[in-house]
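Beneath this line is the structure, given in structure tokens, with notes to follow.
Keep in mind that what you see is a predicted model, and the values were worked out from it rather than measured. Labels below follow one simple rule: chain letters A, B, ... track the order of the sequence lines, proteins then strands, and each chain is numbered from 1.
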Protein chains: 2
Amino acid sequence: MPGRNGKGPAWWRGKFRGCGYRLTVPRETIIEVLSKAAKHLSAEEIYLAVHKVYPAIGLTTIYRTLELLVQIGLVFKFDFGDGRARYELAEGPKGIRQHYHLVCTNCGRVIDYTDFIDEAKEFLSQTMKALTEKYNFKIANHLIQFYGLCEKCQK
Amino acid sequence: MPGRNGKGPAWWRGKFRGCGYRLTVPRETIIEVLSKAAKHLSAEEIYLAVHKVYPAIGLTTIYRTLELLVQIGLVFKFDFGDGRARYELAEGPKGIRQHYHLVCTNCGRVIDYTDFIDEAKEFLSQTMKALTEKYNFKIANHLIQFYGLCEKCQK
DNA sequence: TTGGGAATGAAAACCATTACCATTTAGGAG
DNA sequence: CTCCTAAATGGTAATGGTTTTCATTCCCAA
Ligand SMILES: [Mn+2]
Ligand SMILES: [Mn+2]
Ligand SMILES: [Zn+2]
Ligand SMILES: [Zn+2]
């Protein structure tokens, strides 16, 4: 666990402190968990993971911290339709990993895909520019998701 | 109110009956309300609107019917981040009105836009084709939303 | 080291949605 | 038209993810 004692990577600390927020063990641990997560954790899953290394953690802090991280832009919050929010680090030590999601409406599986990002960027920049002008709407973020049946669920 | 007594437009009945579902007053009224809705109603808003003309309605029926309508594809269900689902008729008597949404993250306002649909279609058909091939994922639906600040909230 | 506002955590509250179940109803068979 | 039965309904209770409350703890600038 980098950080606490040494200085560790701390790639996110700059942004964090820059916003005037305090560095705390819970926050650090939550980000730690998110950065190691395979995928799309729910608040409770994050709670359980953090709890293993920091048993004093409270579920409330998980929610509060996630909200904060989403605010800052360090974390994305998704709704894949299973009744609970899912969270994912927006960027890692290696920078932003731009991707979108395929959601299976039958089994709930979520596939990340990074293909065709160029096409998306092209489409998005065009559209966003036009929308901004026409509606005077300041776009900060966007969401693209495809729903359907995964390989297994088609049979 | 078309339907019940006369035959009215009943543009949706075909699809409805075709699926083996019964025609009932609650269902009819709910669709009626949706078709007249200015925009993006929540379950409770639909309940209140239906209640005015059909006081015997139960909230449970609202939810069940909406689920059904979403299933059939007559209604779209959205999550604009305000903690409750929002519903919108997928097609009206005049056919499908393809559009996307701009969501203000400050005041919650949702703007429908129908512009640049051609660009979206172009991008989508390309992307969907490629994704289908690569991941063998059968895409049935998609979601595109832009988040940011509306005109009023930028100041 | 210290003061004070920020952050935390346990428990209770919130609230949109769902489950249950007794009652009603649509609509096809006769 | 009348019956019959599975489908549909609606009131109520339950669920469960998320928020609120508030007393306690902690970060960190001075
Ligand atoms: Mn992802
Ligand atoms: Mn709309
Ligand atoms: Zn699947
Ligand atoms: Zn706004």
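- Across the protein-nucleic acid pair, B/Tyr47 atom OH and D/dT12 atom P stand 11 Å apart, rounded to whole Å.
- Under a 3.5 Å cut-off, the side chain of A/Thr105 and the backbone N or O of A/Gly148 do form a donor-acceptor pair.
- At whole-Å resolution of the value, CG in B/Leu23 and C1' in C/dG27 are 10 Å apart.
- The phosphate of D/dT18 (OP1 or OP2) has no side-chain N or O of A/Arg84 nearer than 4.0 angstrom.
- The nearest whole Å value for the distance from the CG atom in B/Leu41 to the P atom in C/dA16 is 15 Å.
- A sub-4.0 Å separation between OP1 or OP2 of D/dC28 and a side-chain N or O of A/Tyr21 is absent.
- Within a 6.0 Å radius of NZ in A/Lys15, other residues, nucleotides and ligands contribute more than 12 heavy atoms.
- Look at A/Arg13 and A/Glu28 and you find a salt bridge, because one of the NZ, NE, NH1 or NH2 atoms lies within 4.0 Å of a carboxylate O, short of that distance.
- Rounded to whole Å, the distance from CD on B/Glu28 to P on C/dT25 is 16 Å.
- The CG atom of A/Asp82 sits 15 Å away from the P atom of C/dT17 (whole-angstrom rounding).
- In this pair, A/Phe78 and A/His40 present their aromatic rings perpendicular. The plane angle is above 60°, beyond the 30 to 60° band.
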Legend entry - Test log, rule side-chain contact (heavy atoms from CB on, under 4.5 Å), inputs B/Tyr87 and B/Glu45: CA-CA 10 Å; B/Tyr87 301 87; B/Glu45 288 170 338; over 6 Å; no
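- In this structure, B/Phe80 and B/His101 have perpendicular ring planes: the angle between them is above 60°, well past the 30° mark.
- Between the C1' atom of C/dG9 and the CD1 atom of A/Ile46 lies a distance of 17 Å, rounded to the nearest Å.
- Between the C1' atom of D/dC27 and the CZ atom of A/Arg13 lies a distance of 13 Å, rounded to the nearest Å.
- A sub-4.0 Å separation between OP1 or OP2 of D/dT9 and a side-chain N or O of B/Thr24 is present.
- Between A/Arg22 and A/Tyr54, the residue anchored closer to the 5' end of DNA chain C is A/Arg22, taking for each the nucleotide with the nearest heavy atom.
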Inset, instruction - Kindly determine whether B/Leu69 and B/Leu34 satisfy side-chain contact (heavy atoms from CB on, under 4.5 Å), including the steps that lead there. - result: CA-CA 11 Å; B/Leu69 294 173; B/Leu34 282 171; 4.2 Å; yes
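- Nucleotide C/dG9 holds its P atom 10 Å from the NE2 atom of A/His51, rounded to whole Å.
- Near-neighbour residues of DNA chain C inside residues 56-71 of chain A, defined by a heavy atom below 4.0 Å, number-ordered: A/Ala56, A/Ile57, A/Gly58, A/Thr60, A/Thr61, A/Arg64.
- Closest-nucleotide positions on DNA chain D for A/Arg17 and A/Ala43 were compared, and the one nearer the 5' end corresponds to A/Ala43.
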